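Read through the structure below, which is laid out as structure tokens, and then see the notes.
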Amino acid sequence: MDWIEEKLEKLLTYIRNLSFRKAMIAYIFVLAVIVWGLSWFTMTLCSQLELKILTGGNFGNKKSEFFYENGILWRYAFSFPENTDSASVVILDFVRAWCPFFYAFAGMIITILIFYKKRLLGPLKVLQESVKKIRENDLDFQVTYDSRDELGNLCDSVEDMRLELIRGKEEMWRLVERQKELNAAFAHDLRTPLTVLKGYTDFLARYVPEGRVSQEKLTGTLALMAEHLARLEEYSRTMKGIRSIEDVPFSPEKISLSGIRRRVEEVVFALNQAEGIEIICQKGDGEECPRDGMPISGEKKLKGDDSVKLKADDKMVLRADDSLIMEVLGNMLSNAIRYARGRIEVASDYNKQSGEFLLTVRDDGPGFTEEQLEKALKPYYKEPEAPEADEHFGIGLHICRELCKKHGGTLSVANSIQGGAVVTASFFAG
């Protein structure tokens with residue numbers, strides 16, 4: 001019996017997958033067969049009953065007025081024998097003559113209703129509900145209809161449209177998130193350069209009236225401020241033309257190691273003027289950067305070993321994007337300033353063998369918790385206890401990591417043995 005059920009299932013599947021044109025032809029063919037069968041049966045039955053009435057049960061009489069052939073009564077005259085139920089004969093004759101038309105009309109109505117219920121009602125309900133949910137912006141459903149006919153293909157098309165709408169919404173959501181991240185990054189990255197400029201301004205406002213700033217240092221300070229303003233202007237133009245952090249341009253150029261360290265010193269000096277936290281700059285060998293005055297762009301007149309080290313750093317040429325490095329440094333310092341109690345250390349180092357330039361920022365704050373060590377590099381992460389009014393975006397270290405990636409490096413967070421947080425950025429600049 002299994003093979004019978006299998007054959008029947010295949011037949012039903014074949015019928016279900018017929019196109020509307022073929023299905024309609026099949027329905028009409030079945031209708032014609034049923035109408036013909038019912039008509040023949042009704043006409044035969046009516047003829048039998050009519051013959052019985054006319055002959056009074058004696059089929060040998062009245063042969064001149066009617067005859068019986070192939071199960072159907074054919075009459076030549078409409079005269080009835082005495083005691084004949086003429087009304088019954090007329091009704092039977094009417095039914096016999098018009099039954100094919102009645103069956104055909106009723107059959108068409110029934111066939112249309114069956115066709116609508118079997119082939120149209122189900123998919124139309126599915127399509128109606130699907131369109132309603134799509135109109136209500138609810139895409140958490142699936143359009144399914146088990147048929148390969150025209151409406152089945154239409155249901156498949158609606159399902160494809162639903163999936164495409166989901167993909168479009170997901171893409172739009174990603175674009176919104178990227179734009180949100182970009183806006184937060186732009187706002188975040190402006191803080192440190194503006195703080196640096198504020199530091200330069202405070203320095204000049206504090207010491208110029210006292211005559212403690214030489215003409216050379218004043219000129220150098222103004223030149224540095226103009227350089228930072230130009231960099232801010234260029235940064236604004238760059239951020240205006242990109243759609244995500246990943247699109248930030250990476251433009252490595254040849255630059256001396258001393259040039260990068262000098263820019264680190266400039267940022268540290270300016271922040272020391274603007275913030276109430278002591279920021280100490282150290283070189284790779286643990287030597288502190290000059291703290292008796294602001295570093296000025298260009299050669300510094302040093303004596304002895306310092307002069308030899310400076311010349312060695314000048315000869316050490318790196319291939320790096322110093323603007324990205326400074327942006328990472330600014331974000332690292334901005335994050336450290338939020339948590340430091342009173343001291344921040346900034347160290348720079350270069351590994352000749354691996355061609356890796358390292359920047360390390362260490363603060364004397366409470367350090368990272370276990371949760372922060374795991375999630376600090378994720379975008380928009382804030383401490384659970386952080387107040388809602390806190391302007392911290394929770395995106396600084398995430399930006400640093402993305403920019404380090406563009407430079408072939410990494411960003412790592414840890415806790416210092418002496419206490420406090422340690423953030424290290426690496427850049428491949430060989």
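Predicted model only: the values in this text are computed from it and were never measured.
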* Asked: Are side-chain heavy atoms of Cys99 and Met43 found at a separation under 4.5 Å?
  -> yes
* Nearest-0.5 Å distance that lies between atom CD1 in Ile91 and atom CZ in Arg96 -> 14.0 Å
* Minimum heavy-atom distance between Asp349 and Arg261, given as atom pair plus value -> CA-NH2, 3.8 Å
* Which residues satisfy the side-chain contact (heavy atoms from CB on, under 4.5 Å) test with Ala340, sequence neighbours excluded? -> Ile277, Ile344, Asp363, Asp364
* Looking only at non-hydrogen atoms, find the nearest pair between Cys155 and Val126 and report the distance. => SG-CG1, 4.2 Å
* How would you list all residue pairs meeting side-chain hydrogen bond (donor to acceptor under 3.5 Å, both in side chains) that involve residues 135-144, not counting sequence neighbours? -> Asn137-Lys169
* To do: Apply the test ring-ring contact (aromatic ring centres under 6.0 Å, His included) to residues Tyr200 and Phe269: give CA-CA distance (whole Å), side-chain angles for both, the deciding distance (0.1 Å), then the verdict.
  => CA-CA 9 Å; Tyr200 292 149; Phe269 177 84; 7.2 Å; no
* Asked: Is Val264 close to Leu359 at the side-chain level, that is, under 4.5 Å between some pair of heavy atoms?
  -> yes
* **Min side-chain heavy-atom separation Val95-Cys46 under 4.5 Å** => yes
* Minimum heavy-atom separation for Tyr145 to Gly152, with atom names? -> CD2-CA, 3.6 Å
* To do: Not counting sequence neighbours, which residues clear salt bridge (charged side-chain N to carboxylate O under 4.0 Å, His left out) with Asp322? List them please.
  => Arg263
* Residue pair Glu50, Asp93: steps toward the side chain to side chain contact (heavy atoms under 4.5 Å, CB included) verdict -> CA-CA 8 Å; Glu50 191 175 352; Asp93 191 60; 3.9 Å; yes
* **Contacts of type salt bridge (charged side-chain N to carboxylate O under 4.0 Å, His left out), residue Arg148, not counting sequence neighbours** => Asp156
* For Thr369, does its backbone N or O pair with a side-chain atom of Gln372 as donor and acceptor, under 3.5 Å? -> yes
* Parallel, tilted or perpendicular: ring planes of Phe357 versus Tyr350, cut at 30 and 60 degrees -> tilted
* What distance do Thr201 atom OG1 and Arg206 atom CZ have between them, rounded to the nearest 0.5 Å? -> 11.0 Å
* With a 4.5 Å limit on heavy-atom distance, are the side chains of Val346 and Gln282 in contact? -> no
* Is there side-chain contact between Phe141 and Ile134, with heavy atoms separated by less than 4.5 Å? -> yes
* **Leu124 CG to Glu129 CD distance, which is reported to the nearest 0.5 Å** => 11.5 Å
* Asked: CG/Leu403 to CD1/Ile325 distance, rounded to the nearest 0.5 angstrom?
  -> 10.5 Å
* Asked: Taking all non-hydrogen atoms of both residues, which atom of Ile260 and which atom of Met326 are closest, and how far apart?
  -> O-CE, 4.2 Å
* Structure fact -> So CG of Leu197 and CG of Leu224: to nearest 0.5 Å the spacing works out to 10.0 Å
* Measure from the side-chain N and O atoms of Asn415 to the backbone N and O of Phe368, and report whether any donor-acceptor pair falls under 3.5 Å. => yes
* To do: Evaluate side chain to side chain contact (heavy atoms under 4.5 Å, CB included) for Val423 paired with Thr360, printing each intermediate quantity in order.
  => CA-CA 6 Å; Val423 181; Thr360 302; over 6 Å; no
* Around Phe20, counting heavy atoms of other residues, nucleotides and ligands shown, do more than 12 lie under 6.0 Å from its CZ? -> yes
* Structure fact -> Correct closest heavy-atom pair for Lys254 and Val317 would be CB-CG1, 3.9 Å
* Asked: Got a sec, which residues hit ring pair (Phe, Tyr, Trp, His ring centres under 6.0 Å) with Phe41, two or more places apart in sequence or on another chain?
  -> none
* To do: State the CD-OG distance between Glu265 and Ser348, to the nearest 0.5 angstrom.
  => 8.0 Å
* If we only count heavy atoms from C-beta on, is the Val143 to Met161 side-chain gap below 4.5 Å? -> no
* Asked: So, the side chain of Ser334 versus the backbone of Gly330: is there a donor-acceptor pair under 3.5 Å, distance only?
  -> no
* Structure fact -> Across all chains, not counting sequence neighbours, the side-chain contact (heavy atoms from CB on, under 4.5 Å) partners of Thr111 are Tyr27, Leu31
* To do: Take Lys378 and Leu397, measure what side chain to side chain contact (heavy atoms under 4.5 Å, CB included) needs, and give me the verdict at the end.
  => CA-CA 8 Å; Lys378 295 182 179 180; Leu397 294 181; over 6 Å; no
* To do: Sequence neighbours left out, what passes side-chain contact (heavy atoms from CB on, under 4.5 Å) with Ser416? Give chain and number order.
  => Arg362, Gln418, Val422
* Taking only residues two or more places apart in sequence, or in another chain, which ones meet Lys125 in a side-chain contact (heavy atoms from CB on, under 4.5 Å)? -> Leu121
* Asked: Would you call Met316 and Ser256 a side-chain contact if the rule is heavy atoms closer than 4.5 Å?
  -> no
* Asked: Can you list every ring-ring contact (aromatic ring centres under 6.0 Å, His included) pair that touches residues 404-424, not counting sequence neighbours?
  -> Phe250-His407, His407-Phe427
* How close do Asn351 and Gln353 get, heavy atom to heavy atom, and via which atoms? -> OD1-N, 3.0 Å
* Parallel under 30°, tilted from 30 to 60°, perpendicular over 60°: which one fits the rings of Trp98 and Phe101? -> tilted
* By salt bridge (charged side-chain N to carboxylate O under 4.0 Å, His left out) - contacts of Lys405 (at least two apart) -> Glu402
* Would you check, one step at a time, whether the test side chain to side chain contact (heavy atoms under 4.5 Å, CB included) holds for Leu358 with Ser426? => CA-CA 5 Å; Leu358 299 175; Ser426 64; 3.4 Å; yes
* Answer whether the closest heavy-atom distance between the side chains of Thr424 and Val361 falls below 4.5 Å. => no
* To do: Scan residues 113-122 for pairs that pass salt bridge (Lys or Arg N to Asp or Glu O under 4.0 Å), counting only residues two or more places apart or in two chains.
  => Arg119-Asp149
* Asked: Where the side chain of Asn335 meets the backbone of Asn331, is there a donor-acceptor pair that is under 3.5 Å apart?
  -> no
* Asked: What residues, two or more places apart in sequence or in another chain, satisfy salt bridge (charged side-chain N to carboxylate O under 4.0 Å, His left out) together with Arg167?
  -> Glu164
